[in-house]
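Below: one structure, written as structure tokens.
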Amino acid sequence: MVSPASLSKSEEKETLNPRNVYHIGGLQVRFPYQPYGTQLAFMSRVISTLDRAQRDGRCHALLESPTGTGKTLSLLCSVLAWQQSYASRFPKGNSAHKRSHFTPDVTRPPSTEPSNVVEVEKPPRVPTIFYASRTHAQITQVIREYRKTAYRVPMAVLGARKRSCTNRRVQGKPNLDEICRCLIKDRNKPKCPEFIGKDDIVAHPSLQQNEVHDIEDLVKIGYAVRGYTFDFTVLYYYYLLFLKSQIYSLLFLGCPYFAAWDMYERAQIVFCPYSYIVDQLIRQEKLEDKLNGAIIIFDEAHNMEDIAREAGSIDLGEETLFKLQSELQLLSLAIPMIYQPVCDAIDGLISWIGSRKDSLAKRDPQHYFSSWTGDKALRELEESNITRKGFRKLSNCLIDAIERSMKEIRPHLSGIFVSTLQELLVTLGYFFSRDGSHSHTLDYELGLQRFIKRGDSSGKWTHTLSLWCMNPSVVFKAIVDLSSSIILTSGTLSPMDSFSSELGMQFGACLEAPHVVDANQQVWAAGIFSGPSNQPLNASYKTNDEYPFQDALGKSLEEICSIVPGGSLVFFPSYKLMEKLCTRWRETGQWSRLRLEKDIFIEPRGGATGEFENVLKGYYDCIGGKNRLIGRNRRAGTRVDSKKGGAFLAVCRGKVSEGLDFSDDNARAVIIVGIPFPNLHDVLVGLKRSYNDTYKSSRNLLGGGEWYCQQAYRALNQAAGVCIRHRFDYGAIIFLDERYRQQRNRVSISKWLRQSIKLYDNFEESMQDLKSFFPSAKEHVESKMLSYKEVIDLECVVQTEPETSFVINGSSASSPFSCSSGLTLERGGPPSVSSHALKRRKFISSAAVIDLEKENNHDIITRRIEFGSDSSTETRARVQISCLLCRSPLGHPDNNGSSYLNCLVTRSSKKYLLSLLKETSRSEMPTSVSVIVTDCSSQDGCVFNTIFCPFCSVPNTTCLGVQIMATDSSNVHFLSKVSFNSIHPLFYD
């Protein structure tokens, strides 16, 4: 048991109060809700893995838990509980881990062996938790789950400069990283005023007591802190840098980027993108000390094999090499000792491309390619002046050239070429390295391509040199050797066979967790083998060019879309097939018939992030019922009919299938066309299949064909998994292809789903069952909601008066117009209280039951609100309401210095404050107001304005609630009241 003296105030309260504490794997785990069986199993595997890692020195886990089962929350609570237990068991560090250390006798010659060897314990250190995910958006979602836990440890969230820069003169520039390094070259006399203010961010009150924060929070604080600099060097530098247009303001902000790195030094949990751990240079430069013996979690790890291979590979275009050559030639004149060897290597690569590009093997009229591996690859590189023997000297020169650029020591390479040299250094380092007697040259393919770029009407040939890693364990082994435990987790890891062999690691624990939904009642999974005219559906490359198939598929989608309410996601194996089908449907009129059933949105091919975000927003708005113009997805002047819903055409492995929220009506159906096998004509896919076939026995790999199939079904499972997002969700998952008739094509589908798949040879029969599914599933879910009970604990403080008081915290919104209770507030006219987001949380139609329990020996009680079917009478209490971000109380202090507000707990359809909180100074706040605390309702007819905390340093950032401004006749009793955000979200990721 953890001693209360060693815990923070909030942790002590949680320890004294055993509610929401569960004994799992010999540990007490605090979990904010009643855990599902799936969550208990997941947490048990995490804890047993970490226990074994501590006992045996190393242990890893491969854990799959379907989307919507609370995977992230379970992972955080269990790993933090284990870390806390470790700290209590080994307050001075783990004495089992010692290292030899000697103190040299300075009187002895350097060659003499040291005589005074002593055993020195490692300094006390709790294993650091690294939680890595693919994107910053996914990290934000993880931190949102971390906020729900009772655990608070020193944390850091790491991200790119471009996401966190507050220097208004620099942010948004394409060479921001290079400018930043230049400005802070001398850390003692930095030329960036914001860098000076980073300490103010770290010391900001909102970040004390180990408060949870993400990058956006740091940026807000960076803009909130204020300071002045009178350093003449800083002012004069800006005067020159910006062409004397305007001397930089004396007022400076804070730098979130370097504040995060300062917080990293003492952090016990670190949130970061994959690249910080997988990229060798970043890992060695900034993280390696903390990674030694750390617990590393890779979330959304279904693509980890590809990510590791890409981290050890490089593609060099001929044009890039020419530009790099020109810059190196100039630098070689100034500092030949560093830059001449690098310049010679680049010259050699350019000459080698020139000598080989006309003798490449023809793949098609616009694509020529040849490759070499092992000793053949070594000989080819030797012709370009890159040899195994000379690589040590070349690598030293590359490191020196990179360091000069990073430290802004002139003359140096420009930023764009630094990243090229970094990739070249890392890739050649892996290529020339050895693993015991095994040379990694056999794990690489040296390739040269000659091709015409897609869409290039000029017919200009492009040449690209590639050094591709075929074995991801070459890259991943260093991470495995550093850590004590690696946990790979995702909603869709299946099929799981390849991870161990591909990554070169053994997993002590594997889990394919079941779903929390009733798959037979809430999921309609079907394999449909033919279309409306009994035309077989087969999207394989042999038949997908045939018009009968294309027309039958279009008619099938039309029928399905006419039945499915809300939104449908349609996944195709590739962009090429999707574009081919859309073209055919436009020619035949099928496209117009589809648009009569659903408004159609198309995932842009290789588009910029902004383009995809616009299309995604259009789809969400369509499903949410907003009448708006959709831009290029709609004809000019055509408006969305919100009653029809939408259909989003996307591809497996695309952005739509990766980590986006398509809960409830956003995806009432997921339709998968064909089986998403990787492109057989892709050069890299072919080389990987051949590599696995060659080394299947000697390196214990899956055969090339088996690896190829697993890639397909992992992408399929990822797409299918976006349909069900939480316990009360429901939807249809439809596989349109006759190949699903064969058992071997269903065996690799996720375990939770494959047993529920119904097989249909008759299309009309399948549509009849689909029609009956949706009303049945909706009724089942509504019944499930009524019987469901959710326990919410609120922090309580007892007064000497007989009234009960408790604290309700306003929620720091992720954006200025959103709040955690589910209301989404937007600019413009006052929105409806019963918005789509709120309706997603309307679990009950009855009143709340209030239980107050008091511990005998402590002045701490817990308010438990159980959502059930009982009624309750009115109860009076006093409430202390404070802002979660700035901690300022919102009531007027009484004679005792407290800020309590009169409260009324009653049966009602909404919860409101009976007085408007003035967004002014504290002196103008009302001395007391009345509060109504109840459940939510499905009634509409109210419009509102937002209420923000008047004391936060950044205006309009903390949404506390909404003031009811106007109502219909049935809701007039809510007029002028204020709803506060105090209910915890009830859904998991």
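- The residues K688 and E445 are annotated as not salt-bridged, no charged nitrogen and carboxylate oxygen being separated by less than 4.0 angstrom.
- Salt bridge D400/R404: absent, no basic N to carboxylate O contact under 4.0 Å.
- Under the 3.5 Å distance criterion, with hydrogens and angles disregarded, a donor-acceptor pair is assigned to the side chains of S414 and E327.
- By the 30° and 60° cut-offs, the orientation of the rings of F432 relative to F391 is tilted.
- Here the closest heavy-atom approach between residue L321 and residue I346 is recorded as O-CG2, 3.7 Å.
- Counting heavy atoms from C-beta on, the side chains of T140 and I215 never come closer than 4.5 Å.
- Side-chain atoms of E502 and N471 include no donor-acceptor pair closer than 3.5 Å.
- Between F451 and Y368, the ring center distance fails the sub-6.0 Å criterion.
- Within the 4.5 Å cutoff, no side-chain heavy atoms of D347 are placed close to those of N385.
- The ring of W372 has its center no closer than 6.0 angstrom to the ring center of W468.
- Between E216 and R163 there is a salt bridge, since a side-chain N of the basic residue sits under 4.0 Å from a carboxylate O of the acidic one.
- No cation-pi contact links R134 to Y274, judged by a cut-off of 6.0 Å to the six-membered ring centre and 45° from its axis.
- For the pair R605 and E579, the salt-bridge criterion is met [side-chain N within less than 4.0 Å of a carboxylate O].
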